[in-house]
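Heads up: the structure comes next, in structure tokens.
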2 protein chains.
Amino acid sequence: MKKAAATRLNILQKAFELIYINGYQTTSIDHIIATTQVTKGAFFYHFKNKEEMGLAIINEILKPTLATSFLEPLQKEQDPIVVIYNLMYDLLLKNEFLKAEYGCPVANFTQEMTPWNIDFSKALAELTQEWTKAMIAAIEKGQQNGIVRKDVNAMQVTLFVVSGYWGIRNFGKLENNKTVYLSYLKELKNYLNTLK
Amino acid sequence: MKKAAATRLNILQKAFELIYINGYQTTSIDHIIATTQVTKGAFFYHFKNKEEMGLAIINEILKPTLATSFLEPLQKEQDPIVVIYNLMYDLLLKNEFLKAEYGCPVANFTQEMTPWNIDFSKALAELTQEWTKAMIAAIEKGQQNGIVRKDVNAMQVTLFVVSGYWGIRNFGKLENNKTVYLSYLKELKNYLNTLK
DNA sequence: TAAAAAACATACTAAATGGTATGTTTTATT
DNA sequence: AATAAAACATACCATTTAGTATGTTTTTTA
């Protein structure tokens with residue numbers, strides 16, 4: 001990687017960490033450049049302002065994570081009920097990128113930036129739609145395979161499941177504890193099994 | 001009401017509106033006093049700092065709303081499945097205090113303040129616990145009445161339902177649209193009916 | 001290897017922020 | 001009505017903020 005690209009990525013990664021922990025508004029550029037050991041000149045060479053950096057975090061940090069941790073697992077040729085459950089299990093309990101006490105980065109950004117920042121809203125809505133589309137596809141494939149009932153509304157179920165995920169992440173944040181995830185996962189399993 | 005108390009309440013209500021729309025961090029005291037037509041002297045006479053005002057919003061604005069809109073409906077002597085569904089229906093589609101594009105105030109605060117602000121976290125966790133306790137009680141009563149299956153875990157179901165509520169509110173915010181609520185409610189009904 | 005462009009560094013600025021110091025006015029109490 | 005306390009008003013301040021102006025260094029290209 002070129003050195004400039006490395007500097008840029010370094011800024012984005014450290015900035016993401018800070019924002020994930022403290023929020024976008026609360027994380028100042030001064031704070032970011034202090035922890036990255038990068039000067040203000042370098043920062044504003046790579047990003048024309050704070051907002052552009054925030055959007056770059058979504059596109060260059062969150063989007064790749066989405067692909068590997070949220071989409072790929074759904075594209076396996078398996079029982080979608082097992083696949084969705086395992087996905088949630090991994091995201092909530094195993095994923096090292098995501099921490100219980102800081103919630104879901106996409107949900108955090110959504111809460112902080114929408115509806116007043118249109119660019120953020122659009123970028124976040126796109127990310128979310130990629131995930132929901134993949135989940136809907138997985139469920140519909142399960143219907144074709146006869147694993148999931150034909151009368152199940154895949155879009156409806158996806159909305160229900162993703163909402164639950166966002167919500168339980170908020171719970172984990174509130175209680176600063178992963179144990180709520182265990183109860184949630186049990187009930188998610190119960191629910192998913194009713195789709196058979 | 002005494003005039004001083006009216007001033008205080010006016011600040012809290014206007015501040016809540018601004019914070020509900022723009023977030024706690026982004027809402028400045030200057031902005032609050034500008035829209036309330038109250039001077040800085042008055043503001044800091046009633047609240048020793050911004051944080052105290054924020055906590056007062058939780059205790060004096062959100063808590064009463066919780067009681068009337070979130071708890072009372074659950075305490076009716078009825079089928080808890082109907083009661084919970086109707087509660088969600090009212091909260092998502094009828095409630096005038098809550099707007100789709102701004103999400104759930106408690107979830108918003110949680111996302112923005114936890115885990116780094118302990119006082120906010122505690123106040124918000126208390127609010128949430130009041131709601132979950134009421135919902136658990138409603139479900140357990142339904143089990144005693146034979147409406148809800150005995151093998152249902154009331155706490156687990158409550159966690160699942162509340163998570164879904166928080167999550168769909170985030171969806172509504174993201175899409176800036178109430179139509180997602182309709183799909184969510186349909187699937188919620190399906191889910192709740194499996195508890196019979 | 002010289003020139004040019006890219007990448008970074010330093011010092012600064014205007015605006016906004018939470019908060020204070022010091023008043024004045026209003027209300028309650030004797 | 002006099003006094004004291006409560007309630008509010010105004011002017012100010014130190015700090016933080018995003019962002020800029022103007023450099024210097026490093027890398028690429030001809």
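Just so we're on the same page: letters track the sequence lines, and every chain starts at 1.
Whole-Å rounding puts the A/K3 NZ to C/dA5 P distance at 21 Å. Computed from coordinates, the A/N49 CG to D/dG19 P distance equals 5 Å when rounded to whole Å. The interatomic distance linking A/M53 (CE) with D/dG19 (P) rounds to 10 Å, in whole Å. The distance between atom CZ of A/F44 and atom P of D/dT22, rounded to the nearest whole Å, is 17 Å. Between A/F43 atom CZ and C/dA9 atom P there is a gap of 14 Å when expressed in whole angstrom units. Atoms CZ (A/F47) and C1' (C/dA7) sit 13 Å apart, rounded to a whole Å. One interatomic measurement links the two molecules: CD of A/E51 to P of D/dT17, which rounds to 19 Å at whole-angstrom precision. As rounded to whole Å, 12 Å separates atom C1' of D/dA9 from atom NE2 of B/H46.
A cation-pi geometry, defined here as NZ or CZ lying under 6.0 Å from the six-membered ring centre and within 45° of its normal, holds between B/K50 and B/Y24.
Applying the 3.5 Å distance criterion, the base of D/dG19 shares a donor-acceptor pair with the side chain of A/K40.
DNA chain D lies under 4.0 Å from at least one heavy atom of each of the following residues of residues 21-36 of chain A: A/T27, A/S28, A/I29, A/D30.
Side-chain contact check for A/S28 and A/D30: no donor-acceptor pair (N or O, by modelled atom type) lies under 3.5 Å. A donor atom on one side chain and an acceptor atom on the other are not found under 3.5 Å apart for A/R169 and A/Y102.
The side chain of A/T7 places an N or O atom within less than 4.0 Å of a non-bridging phosphate oxygen (OP1 or OP2) of C/dC8.
Each of D/dA18, D/dC8, C/dC8 was ranked by its minimum atom distance to the side chain of A/Y45; first place goes to C/dC8.
Dense packing is recorded around CG of A/L93, with more than 12 heavy atoms of other residues, nucleotides or ligands lying under 6.0 Å away. The number of heavy atoms from other shown groups lying within 6.0 Å of NZ (A/K122) does not exceed 12.
Classification of the A/F70-A/W131 ring pair by plane angle, with boundaries at 30° and 60°, yields perpendicular.
A/T36 approaches A/I11 most closely through the heavy-atom pair CG2-CA, 3.9 Å.
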